[in-house]
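Working notes, beginning with the structure itself.
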Amino acid sequence: MTKKSQKLSDQKTTKPSTSDAPSVKKNPPKDLKINEEIAEEDILGGLIFSTTDEVPIPEKLIDQVIGQDRATEAITKAALQHRHVMMIGSPGTGKSMLAKAMAELLPKEELQDVLVYENSDDKNVPKIRTVPTGKGQQIIDAHKEEAKKQNQMRSFLMWMIIIAVVGYALLIAQDPLLGILAAAVIYIAFRYSSRNADALIPNLLINNAEQNTAPFHDATGSHAGALLGDVRHDPFQSGGMETPAHERVEAGAIHKAHKGVLFIDEINTLELRSQQMLMTAVQERKFSITGQSERSSGAMVQTEPVPTDFIMIAAGNLDAMQNMHPALRNRIKGYGYELYMDNTIKDTPELRRKYVQFVAQEITNDGRIPHFTKEAVEEILVEARRRASRKGHLTLGFRSLGGLIRAAGDLARSAEEKYATQEHVLQAKSRSRSIEQQLADEYAQRRKDYALSSNDGTSIARVNGLAVMGEDSGIVLPVMAEVTPSQGRGKIIATGQLQKIAEESIKNVSAIIKKFSEKGLTDRDIHVQFVQSYEGIEGDSASVTVATAVLSALENVPVKQDVAMTGSLSVRGDVLPVGGVTHKIEAAAKAGISRVIIPKANEQDVMLSSEYTDLVEMVSATNICDVLDFALVNSAKKTKLIRKLKKSFT
């Protein structure tokens, strides 16, 4: 393990220069030089630069998307052919960025303004008219000018009549009160008629005059009115004080996205009715606006159909498909593309150079942090490798990686440094820890304070297991086992908030125990406790730990407490690969545990930080015999147990 870490460190500190680079070629798209001789081994892909302010950033968003080649190709095709898209994947992998990029690919020339007019035949059914973009405001201005002229003429006529009436009342009828009353009636009558003239001015429902690209609207989490449009309630519905229906119409996101892109993340959180209405808008490419509240006067209003010719991009995690309306998904699937967003990508020189571009993009988009030195970017690339948890891959979780960049930039700015350095990135890694990492550290400290954790000596039926919290932190999870007389048929009882997969893994362990242990289980219960597992147990990565604890209890063989382990176990005793091995090993190192057993298949996935490489020894295992041979204290019972297990595997 130390050699692997040293090799990674060597890659990280490689600093090619233009003076000693015999093979240098120009890279036209990026306008930067590449040292081809070291590109394969260099952590920056041979890219030659000093700071990120030298790295050009593509103007188009689609060219700023990194690593999602299949999705980028599909988005480009969907924009050309007007297809809907559903993107499923982990948060922060570029779904919203791809959706915004599609809006740039759509033609701006097709944009339209939408006007709402009063319907003289039925005021509760306002009329809809579409005009080329920019024309809508011109029409409104023309109607306002005409209404202004009419109001001026009415005002002039009104005052002339009032003067005549008042003059008659004072000079001829000699009744001032009559003149005042007549003037008031005339004033109110003219004012009411002027309101009718103003009602002829249309309402500019959608104005795309200032749009430089096709519209993009994020309707994530929108309620029905914001998504489908609404008609405001009018408290004064009669008596000349009412607001005309067409003036109370409000466009929804589906209407604002006309000729553009409608993006809905976590689409499964939309109400079922909203999903049904959305499906209608997608299918018909038009959707009438009505009041969304039945208690509102707006519910009596329903406009003529408003254009909704948008491209929908639905997004979410894997669980989004479960609560998504099946007809809506079928509509997308039948007339568009379904995409799964990759979490990692193969580590190549070209991709590493793209990650340099990513760092420059994040700095530029933030606008408040300084640029990074070459060494700082190298450290970001090292972290991208670590977070992939797969050898030869880079993470595509750019949002969290961008958080690290901004945290390092904030440190550099607070120190009034011109550039963010490698030291700032290292400090940011320790300071910008996730909630799960902070909780894991707190749990570890509490266990030390109350002697719930152990990293030396031996103990029967007690094993240091390893688990992950969230996506980027690990924790030591002690597992204890106890064998007791059974009052009925013997069974294995596990406690610790086990989820379904974890419960099933316990059954796999019981199969191995029944087959290979000489102790009969028909009259015994085996109790397995996951100590203080407040967050519950998910997955089957603790099955190796459980098997070791139970066999230790049955055979009365002590377990070494300076050893921790992780791995899934098949019913035949094979140790299968699990996720998060890097974070688990680092958690063991923090807890003072010096040796960790992992599945042999996970060896290539380990990417430890340099601070942990000398603290822990990694041991690989292919089957349960390898685990027991290393974890159990040497004794005749241990030798006999392992001999029997090995015999069963042959």
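In this chain, residues are counted from 1 in sequence order. Since the model is a prediction, treat every value here as computed from it, not as a measurement.
Between Lys638 and Glu555 no salt bridge is recorded (no basic side-chain N to carboxylate O distance below 4.0 Å). For Asp265 and Lys95, the salt-bridge test fails: no basic side-chain N is under 4.0 Å from an acidic carboxylate O. Glu603 and Lys600 are joined by a salt bridge, as a carboxylate oxygen and a charged side-chain nitrogen come within less than 4.0 angstrom of each other. The pair Asp347-Lys391 does not meet the salt-bridge criterion, since no charged nitrogen lies less than 4.0 angstrom from a carboxylate oxygen. Between Arg386 and Glu586 there is a salt bridge, since a side-chain N of the basic residue sits under 4.0 Å from a carboxylate O of the acidic one.
At least one donor-acceptor pair under 3.5 Å links the side chain of Ser552 to the backbone N or O of Val557. Judged by distance alone, with hydrogens and angles left aside, the side-chain atoms of Ser543 form a donor-acceptor pair with the main-chain N or O of Leu569 at under 3.5 Å. Looking at Arg329, its side chain never comes within 3.5 Å of a backbone N or O of Met86 through a donor-acceptor pair. Asn602 places a side-chain N or O within 3.5 Å of a backbone atom of Val578 that can act as its donor or acceptor partner. When atom types are taken as modelled, the side chain of Ser609 and the backbone of Glu611 share no donor-acceptor pair closer than 3.5 angstrom.
For the pair Lys374 and Tyr419, the cation-pi criterion (under 6.0 Å, within 45° of the ring axis) is not fulfilled.
A distance of 6.0 Å or more separates the ring centres of Phe372 and Phe49.
Counting heavy atoms from C-beta on, the side chains of Ile475 and His583 never come closer than 4.5 Å. Lys590 has its side chain within reach of Tyr612: a pair of non-hydrogen atoms, C-beta onward, lies under 4.5 Å apart. For the pair Met341 and Leu396, the minimum side-chain heavy-atom distance is 4.5 Å or more. Inter-residue side-chain proximity for Asp626 and Asn623 is flagged as met; some heavy-atom pair is nearer than 4.5 Å.
No side-chain N or O of Ser459 forms a donor-acceptor pair with one of Gln561 less than 3.5 Å apart. In the model, Ser90 has a side-chain atom that pairs as donor or acceptor with a side-chain atom of Asn343 under 3.5 Å. A donor and an acceptor atom, one from each side chain of Lys584 and Thr566, are located under 3.5 Å apart.
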Is there a side-chain contact (heavy atoms from CB on, under 4.5 Å) between Arg399 and Ser96? Walk through the geometry before answering.
CA-CA 11 Å; Arg399 186 173 295 140; Ser96 60; 4.2 Å; yes
